[in-house]
Amino acid sequence: MQGLDYTNARILAPMVRVGTLPIRLLALEYGADLVYTPEIVDKAIIGAERIVHEDNGTIDYVLKGVSVFKTHPIEKSKLVLQIGSANADLALDAALTVAQDVSTIDLNCGCPKRFSIHGGMGAALMDEPEKLCG
């Protein structure tokens, strides 16, 4: 993974049910500098099997028969995977699972939705700086 330059960047921000592969590819085609995945909770991707589809080049991360993340190599240099986590070890495991197929990782620290807050993720991390720094 490499650092990204956000200066004056046109960014497809992380949005629930919107940052799927087709939308990310379309955003890149229309000039986006960076594209984000929707938030993927750490436990939803840890242990996922990486499957490369030779027919179209896409890469699926599949856990228990469900695709939890899909990407294409053409977006790798501009792709930010957003992780939802309340545990440093799980966040690291999730990041390492997909590291070869994304440019960088973003830890969601701002989502105010009940699901995230209840699980100690998202905006809840702002109330626990020690956990966030971990």
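Atoms considered below: every heavy atom in the structure, side chains included; atoms not considered: hydrogens, waters and symmetry mates. Positions are given from 1 along the sequence.
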Minimum heavy-atom distance between [X] and [Y], given as atom pair plus value:
X      : Y      : result
Ala32  : Lys78  : O-NZ, 3.9 Å
Cys109 : Leu125 : SG-CD1, 4.3 Å
Ala86  : Gly119 : CB-O, 3.4 Å
Ser116 : Glu39  : OG-OE1, 3.8 Å
Gln82  : Thr37  : N-OG1, 3.0 Å
Tyr36  : Ala13  : CB-C, 3.9 Å

Checklist outcome for this item: Cluster membership besides Tyr30, Ile/Leu/Val/Met/Phe/Trp/Tyr side chains within less than 4.5 angstrom, sorted by chain and number, is Leu26
Are [X] and [Y] linked, directly or through other ILVMFWY residues, by side chains that come within less than 4.5 angstrom of each other?
X      : Y      : result
Val68  : Ile105 : yes
Val41  : Leu107 : no
Met121 : Ile46  : no
Val52  : Tyr61  : yes
Val80  : Ile11  : yes

Checklist entry - Is the number of heavy atoms from other residues, nucleotides or ligands within 6.0 Å of CG (Asn8) greater than 12? => result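 Atom CG in Asn8 is not packed in, count stays at 12 or less.
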Checklist entry - Ile40 pairs by side-chain contact (heavy atoms from CB on, under 4.5 Å) with which of Val98, Leu81, Thr97, Asn108? => result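 Of the listed residues Val98, Leu81, Thr97, Asn108, the side-chain contact (heavy atoms from CB on, under 4.5 Å) partner of Ile40 is Leu81.
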When rounded to the nearest 0.5 angstrom, what distance separates [atom1] in [X] from [atom2] in [Y]?
X     : Y     : atom1 : atom2 : answer
Ile45 : Ser85 : CD1   : OG    : 12.5 Å
Asn56 : Glu54 : CG    : CD    : 9.5 Å
Arg24 : Lys70 : CZ    : NZ    : 10.5 Å
Leu90 : Lys43 : CG    : NZ    : 6.0 Å
Thr71 : Ile59 : OG1   : CD1   : 6.0 Å
Leu28 : His72 : CG    : NE2   : 11.5 Å

Without placing hydrogens or testing angles, list every side-chain donor-acceptor pair under 3.5 Å for residues 126-134, not counting sequence neighbours.
none

Checklist entry - Do Ile23 and Met15 pass the side chain to side chain contact (heavy atoms under 4.5 Å, CB included) test, and can you show the C-alpha distance, the side-chain angles, and the key distance before you say yes or no? => result CA-CA 11 Å; Ile23 297 298; Met15 295 175 279; over 6 Å; no
